[in-house]
Amino acid sequence: MNSVESIRQKIITSLGQALASLQQDGTINVDDLPLAELEVPREKQHGDFATNIAMTMAKKARMNPRQLAQKIVDRFDRTGTWVQDIQIAGPGFINFALDHRWLYPVLVHVQAEDHAYGTSDAGQGKRVQVEFVSANPTGLLHMGNARGAALGDTLANLLRAAGFDVQKEFYINDAGNQIENFAKSLEARYLELLGHDVIFPEEGYHGHDIIETMQGLIARDGDRYVQMETAERRAALVAYGLQEKIGAIRQTLANFGVEYDVWFSEKTLHESGAIQETLETLRTNGYVDENEGAQWFKATAFGEEKDEVLVRSNGIPTYFAADIAYHKNKFDRGFDWVINIWGADHHGHVARMKNAVQAVGYPPEDLDVILMQLVRLFKGGEIVRMSKRTGQYITLEELMEEVGKDAARFFFVMRGADSHLDFDLDLAKSQSAENPVYYVQYAHARICSILRTAQDAGAAVPRVASAPASMPSSCGLTGCGSCDVSGTSLTSLLKAAPAAPDNIDLTVLTHPSELALLRKIADLPDEVARAAMQMEPHRMARYAQDLAALFHAFYTHCRVLNDDPALQQARLLVVDDTRIVLRNVLHWLGLTAPERM
RNA sequence: GCGCCCGUAGCUCAGUGGAUAGAGCACUGGUCUCCGGAACCAGGUGCGCAAGUUCGAUUCUUGCCGGGCGCACCA
């Protein structure tokens, strides 16, 4: 349990005891005692924690809220709570102010946990799957995919940090109508490139990229497919096309910092008979109707307006049928929680999917669908118009070329998923103060610069109690490179430097900007857990900005390298803790933490 | 027509059943003998509208207005 949570629990327990005591001697006459809730007041002057318990209980206790509050406070045992001062305020709030010395142990704790600081066991090892992007393998990744990639990857990182057992998955739509279309489009381009007269399919994919794909094939195999039967030719072209496209998507996502645990092919659901089995399950459970030669999912049984086709009258299952089989497969694999990230244009699908999950025998509330609103690109103050149909759109590759991976990821994850995102290309590209990405990264680089200077002067970050053997030593992310290279990083250089005495005096840290920074650092485990469990990765982006701002303020007000050895030691510790937190957060956000800029 | 999302400062967006609703940008004025000025400090306007639930609503409910998106034997 982290420091904040431990103090919070102690206060809640003490409140509960105070209430129980009042109940016992009949001062308040109620049957059941609610558990007090502690909140962090908006206003700093209202203390570190506050509870509204006196207000919520006032009516049942038939007592004036402020009077009740006073009685609670009188019985409140502050042993072990760090509570220094209690005030009754406003309509009946009880405000608790902590002795700021509670923050000092946190400073040491951060050092001990290092890469693991901020992680927790909030998720209790529950198995979670996050499926995101899942773009059609018929083209390049666009802005919507990019937003999904940043949100999904960050969310998965945060869930992992919060103690969930997380799997990242990409669902490959390599079956169905759009693949037919893809095949026809490839064929048209192929023949066209070889000088044949063809009419490009009406519903085909117009993107220039598939011309390049076919140029690649011609370079490899020449015109040998021209003579083939149409079906055979299309099969050959589409096999090549899919392989090429999926490879490109995978590479682009890797460049964007996204690595999946599983790439799941829709086609395998058709080939393995999983779809048929799922249809059987649905039929057994009584959710299938036959009508006009097609098979329907009885969505109306769940209060929907109309049923949905599962198998067309031509015998081919719909995307919906495959998707049900896919979700059944996910739950069959034993996930406790399944999260999908979809574009908002698929919102009509959400209720159906949840109903279908229930129909195959799983609890629909174990499925969460995060809908993300569309992205609008701005350049020079103008909207950049995009059209998928004509292939006129900016790709993720182009975006990364233009603004870089870090800026792109940060901008996508900076806003809540359900808010429309205006992506200002000029701003993301600008290396200036207006750009929040640079603001945050600058704080990290500035810290590293201070530590370098300290090292050159022969000073070092004080050595603190080393981590117990049971302490996790990595960030909790699989495939994380930065934890492995810590042996050569600045940190270890500093740690290897002549050690300062273990016993440093932290009580010299009293400046308001120091304490505010420490308080923010102490909040990290809670913030991570909250962002993860509420599925709100944008909270982490905000946390990073807030922390950077607090650091910059601290930097201006508190001279780190100074001629008071005790103060310098203590402040070096603050600075290095801030570095650790910034680095960890940037890491979960998928951004680099530059030591120089 | 039905359904989903959104409406908060000039702009882009946070936020919470509570006590004086925040941040960045933009605008104005300040801060540096010194650790990175990509920094800091100060300055002011706002919860689309109207009812309801509540001790208390920007938050929850309903209606309306405005914007976006869905409503195929497409995915």
Side-chain angles (χ1 to χ4, degrees), chain A residues 39-43 45-46 50 52 55-56 58-59 64-65 89-93 95 136 138 173 175-179 181 203 266 291-296 304-306 308-320 322-323 343-351 371-374 376 378 381 414-424 427 430-443 445-454 456-457 459 513 536 538-539 541-542 545-546 548-549 551-563 568 571-572 575 596-597:
Chain A
E39 59 175 30
V40 177
R42 256 204 293 271
E43 294 292 322
Q45 53 181 300
H46 293 141
N52 60 0
M55 277 134 69
T56 55
K59 202 169 195 180
N64 171 304
F93 288 101
N95 294 334
N136 278 335
T138 54
N173 301 125
N177 277 346
Q178 87 274 8
I179 293 300
N181 251 326
E203 302 291 312
E266 178 188 354
N291 229 329
E292 300 168 34
Q295 297 181 41
W296 303 71
E304 298 292 315
E305 281 186 10
K306 56 187 188 340
E308 296 292 326
V309 174
L310 290 167
V311 182
R312 305 183 186 97
S313 47
N314 63 9
I316 299 175
T318 59
Y319 174 88
F320 183 46
D323 220 10
D345 52 343
H346 288 77
H347 71 254
H349 200 56
V350 176
L371 294 173
M372 38 166 210
Q373 299 297 322
L374 305 181
R376 284 194 307 182
F378 280 78
M414 195 162 62
R415 306 290 182 224
D418 56 12
S419 109
H420 294 260
L421 178 64
D422 285 342
F423 195 121
D424 186 334
L427 176 60
S430 76
Q431 305 206 351
S432 70
E434 304 96 71
N435 192 337
V437 184
Y438 284 89
Y439 181 80
V440 173
Q441 291 184 321
Y442 176 69
R446 195 180 216 187
I447 287 169
C448 292
S449 172
I450 297 169
L451 297 176
R452 276 193 301 268
T453 306
D456 290 346
S513 68
E536 293 172 335
H538 69 274
R539 285 176 170 280
R542 177 150 292 254
Q545 293 183 79
D546 291 345
F551 173 75
H552 288 311
F554 156 78
Y555 177 89
T556 334
H557 296 301
C558 300
R559 174 89 199 169
V560 177
L561 305 179
N562 57 59
D563 46 17
Q568 171 166 317
R571 284 186 174 161
L572 274 174
V575 168
R596 288 190 169 85
M597 292 173 71

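Letters A, B, ... mirror the listed sequences (proteins, then strands); counts begin at 1. For clarity, every value in this text was computed on a predicted model and none was experimentally measured.
Listed nucleotides: B:G36, B:C73, B:G67. Nearest to the side chain of A:Glu292: B:C73. Listed nucleotides: B:A14, B:C40, B:C35. Nearest to the side chain of A:Arg415: B:A14.
Note: NE2 (A:His557) to P (B:A39) measures 15 Å, nearest angstrom. When the C1' atom of B:A14 is taken as reference, atom CG of A:Asp422 falls 15 Å away, rounded to whole Å. For A:Phe423 and B:U12, the CZ to P distance is 16 Å, given to the nearest whole Å.
Between A:Tyr439 and the phosphate of B:C40, there is a side-chain N or O to OP1/OP2 separation shorter than 4.0 Å. At the phosphate of B:G36, OP1 or OP2 sits under 4.0 Å from a side-chain N or O atom of A:Ser449. Note on A:His538: a side-chain N or O is less than 4.0 Å away from OP1 or OP2 of B:G15.
Comparing B:G30 with B:C35, their C1' atoms are spaced 23 Å from each other, to the whole Å. Rounded to the nearest Å, the gap between the P atom of B:G66 and that of B:A57 is 28 Å. Using P as the reference atom, B:U8 and B:G15 are 14 Å apart when rounded to the nearest Å. Going from the C1' atom of B:A50 to that of B:C65 covers 11 Å, rounded to whole Å. Spacing between B:C6 and B:A75 at atom P, rounded to whole Å, works out to 29 Å. Straight-line distance between the C1' atoms of B:G17 and B:G52: roughly 15 Å, to the nearest whole Å. Look at the P atom in both B:G22 and B:C47: the space between them is 14 Å, to the nearest Å. Separating the P atom of B:C60 from that of B:C25 is a span of 30 Å, rounded to the nearest Å.
Within the 4.5 Å cutoff, no side-chain heavy atoms of A:Phe378 are placed close to those of A:Leu427. The side-chain heavy atoms of A:Ile447 and A:Tyr555, taken from C-beta on, include no pair separated by under 4.5 Å.
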Take A:Met597 and A:Tyr438, measure what side chain to side chain contact (heavy atoms under 4.5 Å, CB included) needs, and give me the verdict at the end. CA-CA 9 Å; A:Met597 292 173 71; A:Tyr438 284 89; 3.4 Å; yes
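Below the 3.5 angstrom threshold, one finds a donor paired with an acceptor across the side chain of A:Asn95 and the base of B:A19. Scanning atom types as modelled, one donor and one acceptor separated by under 3.5 angstrom connect the side chain of A:His347 and the base of B:G3.
Looking at heavy-atom distances under 4.0 Å, A:Ala443 makes no contact with the nucleic acid at all. At the heavy-atom level, A:Gly343 lies nowhere under 4.0 Å from the strands shown. A:Pro65 comes within 4.0 angstrom of no nucleic acid atom, judged by non-hydrogen atoms across all strands. Within 4.0 Å (heavy atoms only), A:His552 reaches sugar-phosphate atoms of the nucleic acid but no base atom. Within 4.0 Å of A:Met414, counting heavy atoms only, lies no atom of the nucleic acid at all. A:Ala457 comes within 4.0 angstrom of no nucleic acid atom, judged by non-hydrogen atoms across all strands. Using a 4.0 Å heavy-atom criterion, one finds that A:His46 contacts the bases of the nucleic acid, with or without backbone contacts as well. Looking at heavy-atom distances under 4.0 Å, A:Ser419 makes contact with sugar-phosphate atoms alone, never a base. Using a 4.0 Å heavy-atom criterion, one finds that A:Asn562 contacts no nucleic acid atom at all. Counting any heavy atom pair closer than 4.0 Å across all strands shown, A:Phe320 reaches no nucleic acid atom. Among the heavy atoms of the strands lying under 4.0 Å from A:Asn52 is at least one base atom, whether or not backbone atoms are also near.
Electrostatic pairing of A:Lys306 and A:Glu304 does not count as a salt bridge here, judged by no charged N lying under 4.0 Å from a carboxylate O.
Across all strands shown, B:G44 forms no Watson-Crick or G-U wobble pair with both key distances under 3.5 Å.
Nearest heavy atoms, A:Ala445 versus A:Arg452: O-NH2, 4.4 Å.
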